[in-house]
Trainee: 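The structure follows.
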Number of protein chains: 2
Amino acid sequence: MPTISVENYLKAIYHLEQQGEEGGLVKNKAIAEKLEISLPSVTSMLKSLADNGLVVYERYKGVKLSPDGCSQALNVIRKHRLIELFLVETLQYTWDEVHSEAELLEHAVSDKLAAKIDAYLGFPDSDPHGDPIPSVDGQVRVSSAIPLNQCSPYCTAIIKRVLNQSPELLRYLKELGLVPGSAVDVVSVQAFDGQMNLSVNSTQGETSAIITAQTASCILVLPQ
Amino acid sequence: MPTISVENYLKAIYHLEQQGEEGGLVKNKAIAEKLEISLPSVTSMLKSLADNGLVVYERYKGVKLSPDGCSQALNVIRKHRLIELFLVETLQYTWDEVHSEAELLEHAVSDKLAAKIDAYLGFPDSDPHGDPIPSVDGQVRVSSAIPLNQCSPYCTAIIKRVLNQSPELLRYLKELGLVPGSAVDVVSVQAFDGQMNLSVNSTQGETSAIITAQTASCILVLPQ
DNA sequence: TTAAAAAGTTAGCCAAAACTAACAAGGCAA
DNA sequence: TTGCCTTGTTAGTTTTGGCTAACTTTTTAA
């Protein structure tokens, strides 16, 4: 069984692979920053992961997950997301609280418990942030959702996912009704800084919101 | 925050203090056996725990928990038992499966999560085995229940607790209806080996069971 | 093209928590 | 009381996974 530390590295590498360009290696620096660990520590861990066949490591270039490493990463991410949804569904956690709890629990939940949670929740597609829940065999549903800041005025779209785990941001978005499932109309976009004026149709009714391009880039939507 | 290893030592010392005589020190050997760890490892950890004020350690004699160590032990045990009950209540775990899951999860559950589980379960007194759940401030309800093997023929009693986490034994007892809440009548006791012939009144109805004195000693009952 | 900055590596260190081997203390039986 | 067996301790090693300091490679910008 991999250690907690190994699981965290695999998860970090997986996430960084997702956000980097197709086929590119993940840089050591990026891992160091994500895990808040020194660069030499990363180098030494990558060697060890490579020795164990979990990553393919090219000196001075970076790493990518091996098939084995990828499936282990997905198993942890699966648990993380199942836990998040479970905490919201059963214990009335809010979507800004669950990430940090899941970050600890993901390493202590057995495959059996994950399967029970999955069944209890009715085999859900995604967690409270809209992040897809990998299946037991490592399949991840892909989505064609795009960042909201790429939408033009008069565009109408449904929010599918929020790519940020900051509790402050999540509380702010919830306040504005900007949560998965809500519909947004792009009323206008500031030419010079991309600030967006939105009309939001959420469970809280019809409201309006003004957010920065930066914030909008974390919100993935499916234009209608 | 204490490490998982430290939490396990504190928990083991607590349990051994409970089963030893009042005021006696817990022997290093007992800890080593309980945690399946070598004696020198125990010695060195006890020194470290003593340095951190978690135990009072007397060389060559043994240890006892300090007030601080005791409250930390109880906090872990509280989480363990809440998790056990939660798994049974929400995810249809059986009482023989929960101990090993809780053994891992107890170190990853935050105080906040424990409090939410506690509230969700309606502030329960005890876990599925009848073990008392310590309160947040470290209070443990005491019970006057006695081992079933100390009961005489014609005695009628209610099962309060089972002092054993072996899945095999637990499945066997469940089969016989010997679970907390069931009523037992002692029909007869073998003079030479203490084997007990019981009449059991459980949710499965009226049945009979023959168990060894050893097994009976794990079953705590309140005579009526 | 080249020098400086950034990123990556190596070497060496530390702490936690395990281990074995060897020695010391304590307790029981003859 | 003595001697042996059990228990406990010390000393020294290992593994994991961090760290800093110093050096090397790669990238970037002048």
Side-chain angles (χ1 to χ4, degrees), chain A residues 1-13 16-17 19-21 23-65 69 72-73 76 103-104 106-108, chain B residues 1-13 16-17 19-21 24-65 68-69 72-73 76 103-104 106-108:
Chain A
M1 205 177 47
T3 63
I4 291 175
S5 186
V6 165
E7 288 188 344
N8 282 332
Y9 272 92
L10 295 177
K11 199 166 51 120
I13 296 167
L16 291 166
E17 277 184 356
Q19 66 182 69
E21 71 275 15
L25 294 180
V26 173
K27 310 306 290 304
N28 296 20
K29 186 79 185 310
I31 300 170
E33 277 167 2
K34 180 148 234 189
L35 297 178
E36 297 182 274
I37 272 172
S38 73
L39 263 173
S41 299
V42 172
T43 301
S44 96
M45 178 59 98
L46 293 185
K47 279 194 228 170
S48 147
L49 294 177
D51 287 347
N52 289 295
L54 296 170
V55 300
V56 178
Y57 171 45
E58 288 187 59
R59 275 177 95 229
Y60 293 108
K61 298 287 180 54
V63 277
K64 63 180 180 191
L65 293 173
Q72 293 201 28
V76 178
E103 206 68 8
L104 290 175
E106 64 189 7
H107 309 293
Chain B
M1 206 176 48
T3 63
I4 292 175
S5 187
V6 165
E7 288 188 343
N8 282 332
Y9 273 91
L10 295 177
K11 201 165 48 117
I13 296 168
L16 291 166
E17 277 183 358
Q19 64 183 69
E21 70 275 18
L25 295 179
V26 172
K27 309 306 292 302
N28 296 19
K29 186 80 186 308
I31 300 169
E33 275 167 3
K34 180 149 232 185
L35 297 177
E36 297 181 275
I37 273 172
S38 72
L39 263 173
S41 300
V42 172
T43 300
S44 97
M45 178 57 99
L46 293 185
K47 279 193 227 169
S48 148
L49 294 178
D51 288 348
N52 290 295
L54 296 170
V55 300
V56 178
Y57 171 44
E58 287 186 59
R59 274 176 96 229
Y60 293 108
K61 298 285 181 55
V63 277
K64 62 179 181 193
L65 294 173
D68 186 15
Q72 292 200 31
V76 178
E103 205 68 9
L104 290 176
E106 63 189 7
H107 309 293

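Owing to the predicted nature of the structure, the values given are computational and were not obtained by experimental measurement.
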Trainee: Does A:K61 reach a base, just sugar-phosphate, or nothing at all? Heavy atoms under 4.0 Å.
Mentor: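 If one applies the 4.0 Å heavy-atom cut-off, A:K61 turns out to touch nothing in the nucleic acid.
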Trainee: By the 4.0 Å heavy-atom rule, please label A:S38 as base, sugar-phosphate, or nothing.
Mentor: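 It contacts base atoms.
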Trainee: With rounding to the nearest 0.5 Å, note down the distance linking OH in A:Y9 to NZ in A:K11.
Mentor: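 A:Y9 OH to A:K11 NZ: 13.0 Å, rounded to 0.5 Å.
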Trainee: Pick the nucleotide of DNA chain C nearest each of B:S44 and A:L39; which residue has the one closer to the 5' end?
Mentor: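 Comparing both residues, the 5'-ward one is A:L39.
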Trainee: Side chain of A:M45 only, please: which of C:dG8, C:dA16, D:dG17 is the nearest?
Mentor: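 The closest nucleotide is D:dG17.
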Trainee: Which nucleotide, C:dT9, D:dT10, D:dG18, lies nearest any side-chain atom of B:K47?
Mentor: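 Out of C:dT9, D:dT10, D:dG18, the nucleotide with an atom closest to B:K47's side chain is D:dT10.
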Trainee: Is any side-chain N or O of B:T3 closer than 4.0 Å to OP1 or OP2 of C:dA17?
Mentor: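 Yes, such a contact exists.
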Trainee: Tell me which nucleotide among D:dG18, D:dG17, C:dT20 gets nearest to the side chain of A:I37.
Mentor: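 So the nucleotide nearest the side chain must be D:dG18.
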Trainee: So, is A:S5 close to the D:dT16 phosphate, meaning a side-chain N or O under 4.0 Å from OP1 or OP2?
Mentor: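 No, A:S5 has no side-chain N/O under 4.0 Å of OP1/OP2 on D:dT16.
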Trainee: Answer yes or no: does a side-chain N or O of B:Y57 lie under 4.0 Å from OP1 or OP2 of D:dT9?
Mentor: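 Looking at the OP1 and OP2 atoms of D:dT9, one of them is under 4.0 Å from a side-chain N or O of B:Y57.
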Trainee: Give A:T43 one of three labels, base, sugar-phosphate or nothing, depending on what nucleic acid heavy atoms sit under 4.0 Å from its own.
Mentor: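 Base: the residue A:T43, judged by heavy atoms under 4.0 Å, touches a nucleobase.
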Trainee: Rounded to the nearest 0.5 Å, what's the gap from CG on A:L49 to CD1 on A:I13? Could you check?
Mentor: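 A:L49 CG to A:I13 CD1: 6.0 Å, rounded to 0.5 Å.
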Trainee: Counting side-chain heavy atoms from C-beta on, which of C:dA7, D:dG17, C:dC19 comes nearest to B:S41?
Mentor: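 Nearest listed nucleotide: C:dC19.
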Trainee: Reckon B:K29 has a side-chain N or O less than 4.0 Å from the OP1 or OP2 of D:dG8?
Mentor: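 B:K29 to D:dG8 OP1/OP2: no side-chain N or O under 4.0 Å.
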Trainee: Do any N or O atoms from the side chain of A:E7 and from the backbone of A:H107 form a donor-acceptor pair under 3.5 angstrom?
Mentor: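 Not at all, since once roles are kept as given, no pair shorter than 3.5 Å links the two residues.
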Trainee: Ignoring backbone atoms, establish whether B:R59 has a side-chain N or O less than 4.0 Å from OP1 or OP2 of D:dT10.
Mentor: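 So the side-chain polar atoms of B:R59 do come within 4.0 Å of the phosphate oxygens OP1 or OP2 of D:dT10, strictly under.
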Trainee: The side chain of A:N28 lies closest to which of these nucleotides: C:dG8, D:dG18, D:dT10?
Mentor: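 That would be C:dG8.
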Trainee: How far does CG of B:L10 sit from CE of B:M45, to the nearest 0.5 angstrom?
Mentor: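 If we round to the nearest 0.5 Å, B:L10:CG and B:M45:CE are 8.5 Å apart.
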Trainee: Ignoring backbone atoms, test whether B:Y60 places a side-chain nitrogen or oxygen under 4.0 Å from the OP1 or OP2 oxygen of D:dT10.
Mentor: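 No, no such contact exists.
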